[in-house]
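Written below as structure tokens is the structure these notes are about.
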There are 2 protein chains.
Amino acid sequence: MRPLFHPAIEDLKPEAILSALSDRERVAIFAQIAGLGSSGTCTALSNLGGRVIPKSSLSQHMKVLREAGLIRGERHGVEMRNHSRCQEVDARFPGLIAAILGAYGRPQEEANAG
Amino acid sequence: MRPLFHPAIEDLKPEAILSALSDRERVAIFAQIAGLGSSGTCTALSNLGGRVIPKSSLSQHMKVLREAGLIRGERHGVEMRNHSRCQEVDARFPGLIAAILGAYGRPQEEANAG
DNA sequence: TCCATAGTTCAGAAATTCGGAACTGTTGAT
DNA sequence: ATCAACAGTTCCGAATTTCTGAACTATGGA
């Protein structure tokens, strides 16, 4: 598949990041990807909060996170591997991700190293 | 007028804060109130970004900011004076507001002292 | 009382979000 | 090559949210 759209680091918009992370489900997805360090597939992410997220909704969530610049997705074979862009985002907006994940009560151990 | 609803500090929700600040118009309003230190009235805030915000829209924006816990509004005579709750919010979610205002490129000089 | 000012509420239009169904693209088996 | 299975995307209608002009409420002053 042709590569998905990912914004360049200089094109990141704070409002897109905040909007993406103003949804608990997306935060849980993002935190999981950031925490893993790499390679969160959609199916692995579809059952995070005790609720099964419909795959069309999950696909939308991933798109929102991707287009906000928070994650990068690459197809490997039949599946999509997602990893966070925390380092890049943190270089552009220092402390933002850590503060947000911190506010949501996550240990954010990988927030600056994913 | 009976006091408007303001959430207690322990009831603040990160998603409400991020949602409130995922809109540039609201960020501009909030940054202005935080920067002033106190007393932003609606009419003083209605012409921030070169656009005149309709007063019904402005009223909604103020409500969103208020219910997210970012500002406090008190009626003084015929007008409403708004001031930020930055200190309280910062105590609850350290660094969050500074990081957000920083990301939007504001000097946030009052972000921890409003 | 009557008017002006500051802001809120109402209500319909426009935009966004949600999620099941259908679809695309990839791998592996026959 | 054909078929099936799987991972994810796209489509589209329903539900929800946002926007804003118009009407309304509350306060102060003449």
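Heavy atoms only: backbone and side chains are in, while hydrogens, waters and symmetry mates are out. Naming convention: chains lettered A, B, ... in sequence-line order (proteins, then strands); numbering from 1 in each chain.
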Take the protein atom [atom1] of [X] and the nucleotide atom [atom2] of [N], then report the distance between them rounded to whole Å.
X: A:E79; N: C:dG28; atom1: CD; atom2: P; value: 12 Å
X: A:R75; N: C:dT24; atom1: CZ; atom2: P; value: 14 Å
X: B:L65; N: C:dT8; atom1: CG; atom2: P; value: 12 Å
X: B:L4; N: C:dT8; atom1: CG; atom2: P; value: 7 Å
X: B:N82; N: C:dA6; atom1: CG; atom2: P; value: 14 Å
X: B:M80; N: C:dG7; atom1: CE; atom2: P; value: 7 Å
X: A:F5; N: D:dT9; atom1: CZ; atom2: P; value: 15 Å

Strictly distance-based, threshold 3.5 Å: is any side-chain N or O of A:R26 a donor or acceptor partner for the main-chain N or O of A:L21?
no
Donor-acceptor under 3.5 Å (B:N82 side chain, B:T41 main chain)
no
Would you tell me if any nitrogen or oxygen in the side chain of A:R66 comes within less than 4.0 Å of OP1 or OP2 on D:dG8?
no
Working to the nearest 0.5 Å, report the span between CG of B:L70 and CE of B:M62.
11.0 Å
If you pin B:R81 and A:G77 to their nearest nucleotides in DNA chain C, which one's is more 5'?
B:R81
B:E74 and B:M80: side-chain contact (heavy atoms from CB on, under 4.5 Å), yes or no, with the steps?
CA-CA 6 Å; B:E74 295 168 5; B:M80 181 82 71; 5.5 Å; no
Determine whether B:Y104 and B:R24 satisfy the following criterion, side-chain contact (heavy atoms from CB on, under 4.5 Å), listing intermediate values before the conclusion.
CA-CA 9 Å; B:Y104 276 106; B:R24 287 216 174 244; 3.6 Å; yes
Applying salt bridge (charged side-chain N to carboxylate O under 4.0 Å, His left out), name anything that partners B:E25, two or more places apart in sequence or on another chain.
B:R51
When hydrophobic residues are tied together by side-chain contacts of less than 4.5 Å, even through go-betweens, does B:I9 share a cluster with B:I17?
yes
Between B:V64 and B:I53, is there a shared hydrophobic cluster once you connect ILVMFWY residues whose side-chain heavy atoms come closer than 4.5 Å?
no
Atom pairs under 3.5 Å: protein N/O with N/O of nucleotides 2-6 of chain D:
none

For A:R75 and A:R81: C-alpha separation, side-chain torsions, deciding distance, then whether side-chain contact (heavy atoms from CB on, under 4.5 Å) applies.
CA-CA 6 Å; A:R75 185 182 268 272; A:R81 295 192 195 153; over 6 Å; no
Reading nucleotides 15-24 of chain D from the 5' end, what letters show protein touch, with B for base, S for backbone sugar-phosphate only, - for no heavy atom under 4.0 Å?
----SBBB--
Return the nearest nucleotide to the side chain of B:S59; candidates are C:dT8, C:dA6, D:dT9.
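Shortest atom-to-atom distance from the side chain points to C:dT8.
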